[in-house]
> 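I'd like to ask some things about the structure below.
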Amino acid sequence: MSNTGISDVIPTWLWNFSSAYDIDLSRNHIYGEIPIFPNDGSYMLNLSYNKLTGPLPRIPISYMLDLSNNYLSGNISNFLCDPTSFARNVLALYLENNLLSGKIPNCWMYWPSLNLIDLDNNNLTGKIPNSMGSLLSLKSLHLHNNNLIGEIPKPIKNCTALNGLDLGFNKLVGTIPRWIGSLPMLRFLVLRSNNFTGHIPVELCKLSKLQVLDASNNILTGKISNCFNNLTAMTSKSQKDPIYYYYGVNDQRPRENANLVIKGRENQYNTILYLLSTFDLSSNKLLGEIPEQLTSLDALQSLNLSRNYLSGSIPKKIDSMTDLESLDLSRNRLCGHIPTGLSGLSFLSHLNLSYNNLSGQIPIGTQLQSMDASSFIGNELCGPPLKKCIEDRDTMHSNGSEEDGEREDDEYWFRLGIGMGFGVSFLGVIVSLVVCGFWRRAYFWYFEEYLCNKFVDYFIKINYMF
């Protein structure tokens with residue numbers, strides 16, 4: 001009876017049908033508290049996306065329990081720590097997006113069959129209990145956005161079947177454990193927004209199936225290891241199989257989900273998460289150069305190393321990351337020129353290189369010129385989409401000067417030609433009159449006899465007319 005517009009409390013007689021294979025009342029407007037169950041439980045119970053309130057009662061379920069996206073509150077110890085519960089065969093436990101509070105109880109040994117635990121977005125406090133390490137079949141652990149403290153407990157390394165581990169947005173401390181590299185099936189790791197310190201362990205390079213790594217917003221130091229090219233699931237040769245990301249009712253509910261920052265925006269990914277490949281170490285205190293080995297992750301779609309203290313140049317082989325859609329290297333200490341190959345990444349739709357020490361001209365290409373100018377500010381860059389380069393203006397000025405010079409040269413020679421012609425003509429006449437007496441006498445005779453007679457005749461005609 002999912003998504004049928006029911007607006008009512010749960011009647012106690014409903015549990016008369018508790019022997020049914022599946023009870024699904026999700027996505028309605030059911031409110032009030034969950035009534036106490038009888039001893040016999042149903043195979044699967046789904047009351048997600050309603051308006052249920054109050055504490056969690058003991059619910060004898062033998063397969064899956066989904067109470068997510070309600071307003072359930074209070075401590076969960078009474079629910080989890082009953083050794084007589086029929087819940088020992090439960091495979092999936094969805095309690096995310098509620099108002100649950102208190103510490104996570106240390107009694108997970110009563111739930112040995114669990115494959116999935118989702119306690120995201122609650123108000124849970126305290127440390128992660130050691131007993132979670134007894135869940136040898138656990139494939140997905142989500143404790144995102146709570147108020148958990150302390151270190152990641154070492155017994156979790158026994159959960160070698162883990163595909164997804166999300167501990168983001170808590171207050172966890174200590175270093176990232178080296179033993180995480182011994183979880184061979186791990187495909188999804190989120191440690192974002194905690195207080196982890198120290199270096200990034202090189203053991204993470206052993207996670208050959210890892211597709212999503214987010215350790216942003218911590219206090220990590222040291223250099224980025226040059227062994228991350230061993231993350232073969234981030235290469236084009238990897239096969240992204242959705243079977244590792246789905247689990248639940250008819251295999252339609254995503255097992256994994258995550259809030260990831262891609263293309264400068266934080267979005268929640270679930271159904272398409274298995275298609276993503278991201279690497280995010282932003283907002284830490286990492287030093288040194290960007291290892292060129294990262295460019296061999298040619299199936300990586302998002303690379304974010306912003307807000308660190310990285311130096312050196314952008315790797316020249318970055319053009320080999322042909323699937324890259326989002327690249328953020330902003331607010332570091334990178335220098336040198338932007339590699340020309342960056343303009344050839346045809347899928348790149350988000351780029352941020354702002355506030356570094358980059359210089360020179362932005363490579364010409366459709367991708368880079370279509371970016372917003374804010375992607376390049378805070379550097380010594382020029383060219384579209386920023387202002388024109390000084391070299392261009394100098395070239396234009398020099399070209400203009402050459403043209404002006406050519407025009408001035410033409411005018412100079414023109415005037416020189418006129419002057420020389422006049423001089424030659426004038427000197428030719430004067431020299432002839434001075435040197436040759438015959439020409440001189442003929443010249444004066446011409447003025448006396450011809451021109452004077454003409455002048456006299458002209459005045460006689462004028463006098464006659466008047």
Side-chain angles (χ1 to χ4, degrees), residues 64-68 76 79-81 87 90-98 100 103-174 176-194 196 204 207 209-215 243-248 253-260 268-270 273-274:
M64 186 196 82
L65 176 63
D66 191 346
L67 300 176
S68 63
I76 58 176
F79 169 71
L80 289 173
C81 299
V90 173
L91 300 182
L93 183 61
Y94 297 97
L95 296 175
E96 73 270 20
N97 299 315
N98 278 286
L100 301 173
K103 296 182 179 180
I104 301 177
N106 191 26
C107 49
W108 293 95
M109 68 287 295
Y110 301 133
W111 303 71
S113 300
L114 273 176
N115 282 188
L116 183 147
I117 300 172
D118 196 337
L119 297 173
D120 287 350
N121 302 314
N122 281 286
N123 297 316
L124 300 172
T125 59
K127 297 182 178 181
I128 301 173
N130 289 331
S131 60
M132 281 190 167
S134 64
L135 304 176
L136 303 182
S137 300
L138 191 63
K139 295 181 179 179
S140 180
L141 176 59
H142 283 253
L143 301 175
H144 180 95
N145 193 25
N146 283 282
N147 294 301
L148 302 176
I149 60 173
E151 299 183 359
I152 304 176
K154 190 174 182 179
I156 298 292
K157 71 176 184 178
N158 298 325
C159 305
T160 55
L162 272 175
N163 294 149
L165 178 61
D166 188 349
L167 305 177
F169 284 91
N170 281 287
K171 299 176 182 178
L172 300 174
V173 297
I176 298 177
R178 297 180 180 274
W179 53 258
I180 288 183
S182 63
L183 301 176
M185 304 302 295
L186 199 62
R187 296 172 178 265
F188 171 89
L189 177 62
V190 174
L191 304 174
R192 181 184 178 194
S193 295
N194 281 283
F196 291 116
L204 293 185
L207 301 174
K209 298 183 182 296
L210 195 67
Q211 291 179 212
V212 174
L213 172 61
D214 187 350
I243 191 172
Y244 294 102
Y245 287 82
Y246 282 83
Y247 184 82
R253 196 185 199 280
R255 175 197 293 160
E256 304 296 352
N257 62 85
N259 286 16
L260 301 175
Q268 186 179 53
Y269 297 88
N270 41 52
L273 185 59
Y274 76 97

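FYI, the numbering just counts along the sequence from 1. All heavy atoms count here, side chains included; hydrogens, waters and symmetry mates do not.
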> How are the rings of W111 and F79 set to each other: parallel, tilted or perpendicular (split at 30° and 60°)?
tilted
> I'd like to check the side chain to side chain donor-acceptor pair (under 3.5 Å) partners of D166; sequence neighbours left out, ordered by chain and number.
H144
> Any heavy-atom pair between the side chains of I117 and W108 that's under 4.5 Å?
yes
> What do the steps show when you test L93 against L80 for side-chain contact (heavy atoms from CB on, under 4.5 Å), and what is the final call?
CA-CA 11 Å; L93 183 61; L80 289 173; 4.1 Å; yes
> Which residue pairs pass the salt bridge (Lys or Arg N to Asp or Glu O under 4.0 Å) test when at least one of the two sits in residues 104-117, sequence neighbours left out?
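Output for this query is empty, none listed.
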> Output all residues satisfying side chain to side chain donor-acceptor pair (under 3.5 Å) with S131, sequence neighbours left out; order by chain, then residue number.
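With neighbours one apart ignored, the set is N106.
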> What I'd like to find out is whether the side chain of L165 reaches to under 4.5 Å of the side chain of L186, using heavy atoms alone.
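Counting from C-beta outward, L165 and L186 do come under 4.5 Å.
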> Hydrogens and angles aside, do D120 and N145 bring a side-chain donor and acceptor to less than 3.5 Å of each other?
no
> Output the distance between atom CG (L138) and atom CG (L116), rounded to the nearest 0.5 Å.
7.5 Å
> Looking at M185, is its backbone amide N or carbonyl O close enough to the side chain of N163 to form a donor-acceptor pair, meaning the two atoms are under 3.5 Å apart?
yes
> Can you measure from CD1 (I180) to CG (L210) and round to the nearest 0.5 angstrom?
10.0 Å
> Excluding sequence neighbours, so at least two apart, what forms side chain to side chain donor-acceptor pair (under 3.5 Å) with D214?
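Result, side chain to side chain donor-acceptor pair (under 3.5 Å) vs D214: S216.
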> Atom CG in N123, atom CG in L100: separation rounded to 0.5 Å?
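Rounded to the nearest 0.5 Å, the CG-CG separation comes to 8.5 Å.
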> Taking all non-hydrogen atoms of both residues into account, name the closest pair between L207 and L183 and its distance.
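Answer, listing the atom of L207 first, then L183: CD2-O, 3.3 Å.
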> Using only atom types and a distance under 3.5 Å, with no angle test, would you say the side chain of D66 pairs donor to acceptor with the backbone of S68?
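Confirmed, D66 side chain pairs with S68 backbone.
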> May I ask you to decide if N98's main-chain N or O and N122's side chain share a donor-acceptor pair within less than 3.5 Å?
yes
> Test: salt bridge (Lys or Arg N to Asp or Glu O under 4.0 Å). Region: residues 177-186. Which pairs qualify, not counting sequence neighbours?
R178-E203
> Please test L167 against I128 for side-chain contact (heavy atoms from CB on, under 4.5 Å), starting from the C-alpha separation and ending with a verdict.
CA-CA 10 Å; L167 305 177; I128 301 173; 4.1 Å; yes
> Show your reasoning for whether side-chain contact (heavy atoms from CB on, under 4.5 Å) applies to L162 and L141.
CA-CA 8 Å; L162 272 175; L141 176 59; 4.3 Å; yes
> Are F169 and N121 close enough, and set up right, to give a side-chain contact (heavy atoms from CB on, under 4.5 Å), and what steps lead you there?
CA-CA 9 Å; F169 284 91; N121 302 314; over 6 Å; no
> Could you pull out every donor-acceptor pair under 3.5 Å between side chains of residues 147-161 and any protein atom, sequence neighbours left out?
| unit_1 | atom_1 | unit_2 | atom_2 | d |
| --- | --- | --- | --- | --- |
| N158 | ND2 | P155 | O | 3.2 |

> Which residues satisfy the side chain to side chain donor-acceptor pair (under 3.5 Å) test with N146, sequence neighbours excluded?
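Scan of N146 (side chain to side chain donor-acceptor pair (under 3.5 Å), adjacent residues dropped) gives none.
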> Quick test of your reading: applying disulfide (SG to SG under 2.5 Å), list the pairs with at least one residue in residues 105-151, sequence neighbours left out, ordered by first then second residue.
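Every pair satisfying disulfide (SG to SG under 2.5 Å) with a residue in residues 105-151: C81-C107.
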> I'd like to check P105 versus I76 (side-chain heavy atoms, cut-off strictly below 4.5 Å). Are they in contact?
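Yes. Closest side-chain heavy atoms under 4.5 Å.
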> Taking all atoms of both residues into account, what is the closest heavy-atom pair of P112 and M109, and its distance?
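Closest approach of P112 to M109: CD-O, 3.7 Å.
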> Measuring from F188:CZ to L213:CG, what's the distance to the nearest 0.5 Å?
10.5 Å
